[in-house]
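This one's a predicted model, so the numbers in the text were calculated from it and none came from an experiment.
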Amino acid sequence: MIDKASPRLRPMGLAARMILFLSLALVPIGVVAYFQTAKLQEETRLRSQLSLVALTEAGALAERQTVLRAQGGAQALGATMGQEAMLGGDPATCSARLSSYLAASPGYSFGLVLTVDGNVPCRSGDQDIDIADFPRLQAIVENPGSRAWLNPNGPMSRRPVIVVAEPFFLGGELAGHVLLSVPSALFAGDRAGDATGPSGFEDIVTFNQDGELLTARNGVLQAAEHLPADLDLASLAGAKPQSFAARSVDGETRVFAAAPLVPGVVYALGIWSSTNAEAEAITVTGIAKALPLLMWAASVIVAFLAVNRLVIRHIKRLSRRMRIFARTRRIPEHRTHLEMPAELAEMEDDFLDMADAILRDEAQQENALREKTILLKEVHHRVKNNLQLISSIMNMQIRQSREPETKFVLQRLQDRIRSLATIHRNLYQTEDLGHVDAGALLVDLVGQMTDMTEVAGESIKVTTDLEHIETVPDQAVPLSLLTAEALTNAMKYASPPAGLSQAEVSVRFRYEGGGRAMLEISNSVAPEGPSEPEMRVEPAGLGSRLIQAFTTQLGGSLTQERQADIYRVHVAFALKDFEADETVPTKVPNVPDF
C-alpha cells in the first residue's frame with residue numbers, strides 16, 4: 001500500500017513573482033526619481049519665493065516712493081529749519097517758513113520739528129502742540145530713530161495720515177526729529193480702483209517695524225482678516241525677504257511674501273490665494289509628493305500588463321488545456337495561437353503532439369488489454385467446458401462401476417472437478433480478471449453443492465453468512481477448493497444433534513479488519529459420534545491433507561475442533577494485493593495430481 005503524499009506549500013505564482021521582481025528592479029529608478037523630484041520641487045519653490053518677493057516689492061513701489069519722498073523732505077527740513085530752531089531762531093518765522101514749504105510741496109498735510117528735549121519750536125499751522133498729549137511723540141523722544149505709523153484721525157487734517165519721523169543732527173549729534181504727515185489716501189494701496197502692480201494679488205499691506213499696519217489695498221480693517229493667524233508681523237520686520245504658506249485669520253490657507261520697502265522703517269506683505277499660479281509652487285501638494293510612487297506603480301503595472309499579455313495568459317491557457325486533457329482526455333481539433341510568442345507556440349504544438357501520441361498509445365493499450373481479456377475469458381470458458389466434459393465422462397463411469405468403493409472415489413473426484421469448473425465459470429463472467437468477488441463465488445459454489453445434496457435425497461439444513469470480499473485469483477482458487485472440500489466433508493458426516501431430526505451445516509465468510517478474512521465451515525454431529533470425521537471408504541486422511549494444503553496456499557492458519565455437538569473448521573488468512581507476475585499453474589503441494 002502506497003502512503004498518500006503529504007501536502008506541500010503551493011509556490012508563488014508567475015504573476016506574483018513578476019510583480020515582485022519588477023518592483024525590485026524599479027526601486028533604484030524610483031529612488032532616483034524621488035530625489036530628483038524633491039530637488040526640482042525645492043528649486044521651484046525657491047524660484048517662486050524670489051518671484052513672489054519681487055512681485056511684492058514691485059506692487060508696493062508707490063508706497064516705497066511715498067515714504068522715501070517723505071523721508072527726503074524731512075531730512076531737508078531738518079538740515080535747514082531744524083538747525084535754525086535749535087540755534088535760537090524765531091519760532092514764528094520758522095513755523096511760517098515751514099508752512100510755506102508744505103504749501104509749495106503737495107502731498108503733506110502737516111509738519112513739525114521735535115527737539116531731543118521734547119520741545120516743538122517749529123510747526124505748520126497755528127495750533128500749539130504739547131507732546132504730553134501725544135504718546136507717539138514721547139516714544140520718539142525716549143527712543144530716537146526713523147519712524148512711520150498710521151494715525152487714523154489726524155489732529156490737524158482730521159483724516160487718516162501716515163506720519164514719517166526722520167532725525168536730524170547738529171555737529172554730529174542728534175538734535176531732534178522732523179515729522180511730516182502724508183494723507184493715507186495718497187498711498188497707492190488706499191486709492192480706490194488702483195491698478196498699479198501685478199495682477200493676482202488678493203491684497204498688499206505695509207507695516208512698520210512694530211508690526212502695525214500702515215496701508216492696505218482693500219482697507220486696513222478688511223486686511224486684518226487676511227493676515228496670518230499665528231504670526232506677528234513684527235517678527236517679519238528686520239528679517240530677510242521670504243515667502244511662505246500659512247492659515248489666515250478667516251481660516252483659509254494663503255501664500256504670503258514679505259519684503260522691506262524702507263529697511264528698518266516700512267515693510268510690505270503680499271497676500272495671494274493658494275490657487276494662484278504664482279503661489280502654487282510654494283505649497284507642496286500631495287500629488288507632487290506621490291509622483292515618484294505613482295511613476296513606480298505605473299511602470300510596474302505597464303510591465304506586468306505587457307508580460308501578462310505576452311506570456312502569462314498563454315501559459316494559463318496552456319495549463320488549463322493540460323488539466324482538461326488530464327481529466328477528459330480531450331484535445332482541441334484546431335490549434336489557435338492567439339498571437340503567441342514563437343517559443344510558447346512551439347510549446348503548445350509540442351503539448352498537442354504529445355497528447356495525440358498519448359491518446360494513440362492508450363488506445364493501442366486498451367485494444368491490447370481488451371483482446372487479452374477476451375482471450376483469457378475464452379480460456380476460462382474452455383477450461384470450464386472441458387471440466388464439465390470430464391465430469392460427465394466420470395458420471396458415465398460411475399454408472400458403469402460395480403464396486404461401491406470405486407463409485408465413492410469417483411464421486412469425490414467429480415465433486416472436486418465441479419468445484420474447479422465453478423471457479424472458472426465465475427472467472428470468465430467477471431469484468432475484472434485481476435479481482436474476484438470471493439463472496440459471490442462461494443455463494444454459487446455452496447448453492448451448487450446444496451442442490452446436489454438435495455438431489456441425492458439427504459435432508460441437511462445449510463445456512464450461509466457470506467460477505468462480498470474481493471480477492472485475487474491466486475487466492476480465490478484455493479479458497480474455493482478448500483470450501484468445496486470442507487463443505488463436502490461436513491455434508492457427508494453431518495448428523496442431527498440431540499433432540500433434532502435434521503443435520504445442520506453452516507458456512508461463514510467474513511472480513512475481520514486489518515486486511516484479514518475468515519472462513520468457517522461447521523456441521524452438527526450426534527453426541528455419540530466420533531470426535532473427528534472418519535474417511536469411510538476414501539483413503540484415510542486425504543480430505544484433511546487437502547484442506548491443510550489449500551490453507552497453506554492461502555497463507556492462513558487452520559483450526560479444526562469439536563465443541564459439544566458442533567464440529568468446526570476455521571481458516572484465517574491475510575488478503576493479498578494483485579501482483580502482475582508470471583502465471584504459475586495452481587498445484588496442491590504434497591498431494592497427488594487428480
Side-chain angles (χ1 to χ4, degrees), residues 1 412 415-420 422-424 426-427 430 432-449 462-494 505-523 531-533 535 541-563 566-594:
M1 183 177 182
R412 293 301 304 272
D415 292 339
R416 294 174 181 127
I417 292 175
R418 286 175 176 172
S419 299
L420 286 173
T422 301
I423 295 171
H424 285 281
N426 279 275
L427 287 175
T430 186
D432 186 4
L433 294 178
H435 297 85
V436 179
D437 188 346
L441 180 61
L442 295 183
V443 168
D444 194 2
L445 181 61
V446 173
Q448 177 180 325
M449 297 184 66
V462 179
T463 59
T464 59
D465 180 13
L466 305 174
E467 290 187 0
H468 292 275
I469 302 173
E470 284 191 352
T471 61
V472 295
D474 289 343
Q475 282 189 315
V477 173
L479 178 64
S480 300
L481 295 175
L482 189 153
T483 303
E485 191 65 34
L487 182 58
T488 299
N489 288 341
M491 296 176 69
K492 286 187 176 293
Y493 302 114
V505 174
S506 173
V507 182
R508 297 177 61 222
F509 181 58
R510 302 186 65 83
Y511 181 72
E512 293 184 327
R516 296 184 64 81
M518 174 274 296
L519 173 66
E520 182 180 276
I521 301 175
S522 60
N523 62 279
S531 59
E532 294 185 4
M535 303 300 176
L542 180 58
S544 296
R545 289 170 58 195
L546 289 173
I547 292 174
Q548 182 63 52
F550 295 139
T551 301
T552 303
Q553 279 191 317
L554 283 173
S557 58
L558 172 64
T559 302
Q560 300 184 77
E561 60 181 356
R562 175 176 176 175
Q563 295 179 350
I566 299 296
Y567 185 81
R568 182 178 292 104
V569 177
H570 181 92
V571 178
F573 62 96
L575 297 172
K576 296 181 180 179
D577 292 332
F578 177 77
E579 297 179 359
D581 296 334
E582 294 183 0
T583 304
V584 179
T586 302
K587 185 175 182 180
V588 180
N590 301 325
V591 177
D593 292 340
F594 296 148

Between the side chains of Arg568 and Gln560, is a donor N or O closer than 3.5 angstrom to an acceptor N or O?
-> no
Taking all heavy atoms of Val505 and all of Ala490, pick out the closest pair and write down the distance.
-> CG2-O, 4.0 Å
How long is the span from the CG atom in Asn489 to the NZ atom in Lys492, to the nearest 0.5 Å?
-> 8.5 Å
Spatial distance of atom CE (Met518) from atom OG1 (Thr559) [nearest 0.5 Å] = 11.5 Å
Side chain of Glu467, backbone of Tyr511: donor and acceptor closer than 3.5 Å?
-> yes
pair Leu558-Val569: side-chain heavy atoms closer than 4.5 Å | yes
What do the steps show when you test Phe573 against Thr551 for side-chain contact (heavy atoms from CB on, under 4.5 Å), and what is the final call?
-> CA-CA 8 Å; Phe573 62 96; Thr551 301; over 6 Å; no
Is there side-chain contact between Leu487 and Val446, with heavy atoms separated by less than 4.5 Å?
-> yes
Quick one: closest heavy-atom pair of Asn523 and Ala494, and the distance?
-> ND2-CA, 3.7 Å
CG of Leu554 to CG of Leu519: how many Å apart, nearest 0.5 Å?
-> 8.5 Å
What's the shortest heavy-atom distance between Gln475 and Ala574, and which atoms?
-> NE2-O, 2.9 Å
Value rounded to 0.5 Å, distance of CG in Leu441 from OG in Ser480 = 3.5 Å
Does a side-chain N-to-carboxylate-O contact under 4.0 Å join Asp474 and Lys576?
-> no
Which is it for Val507 and Thr463 under the side-chain contact (heavy atoms from CB on, under 4.5 Å) test, yes or no, and what are the steps along the way?
-> CA-CA 6 Å; Val507 182; Thr463 59; over 6 Å; no
Can you tell me how far the CD1 atom of Ile521 sits from the OG1 atom of Thr464, to the nearest 0.5 Å?
-> 11.5 Å
Going through the checks in order, is the side-chain contact (heavy atoms from CB on, under 4.5 Å) test met by Arg510 and Asp465?
-> CA-CA 8 Å; Arg510 302 186 65 83; Asp465 180 13; 2.7 Å; yes
Would you indicate whether the side-chain heavy atoms of Met449 and Thr488 approach each other to under 4.5 Å?
-> yes
Any Leu420 side-chain heavy atom under 4.5 Å of Leu481 side chain = yes
Over all heavy atoms of both residues, which pair between Pro473 and Pro478 is shortest? Give the atoms and the distance, please.
-> O-CD, 4.4 Å
Where do Ala517 and Ile469 come nearest, in terms of heavy atoms and distance?
-> CB-CD1, 4.4 Å
Rounding to 0.5 Å, atoms CG (Leu442) and CG (Leu479) come to a distance of 5.0 Å
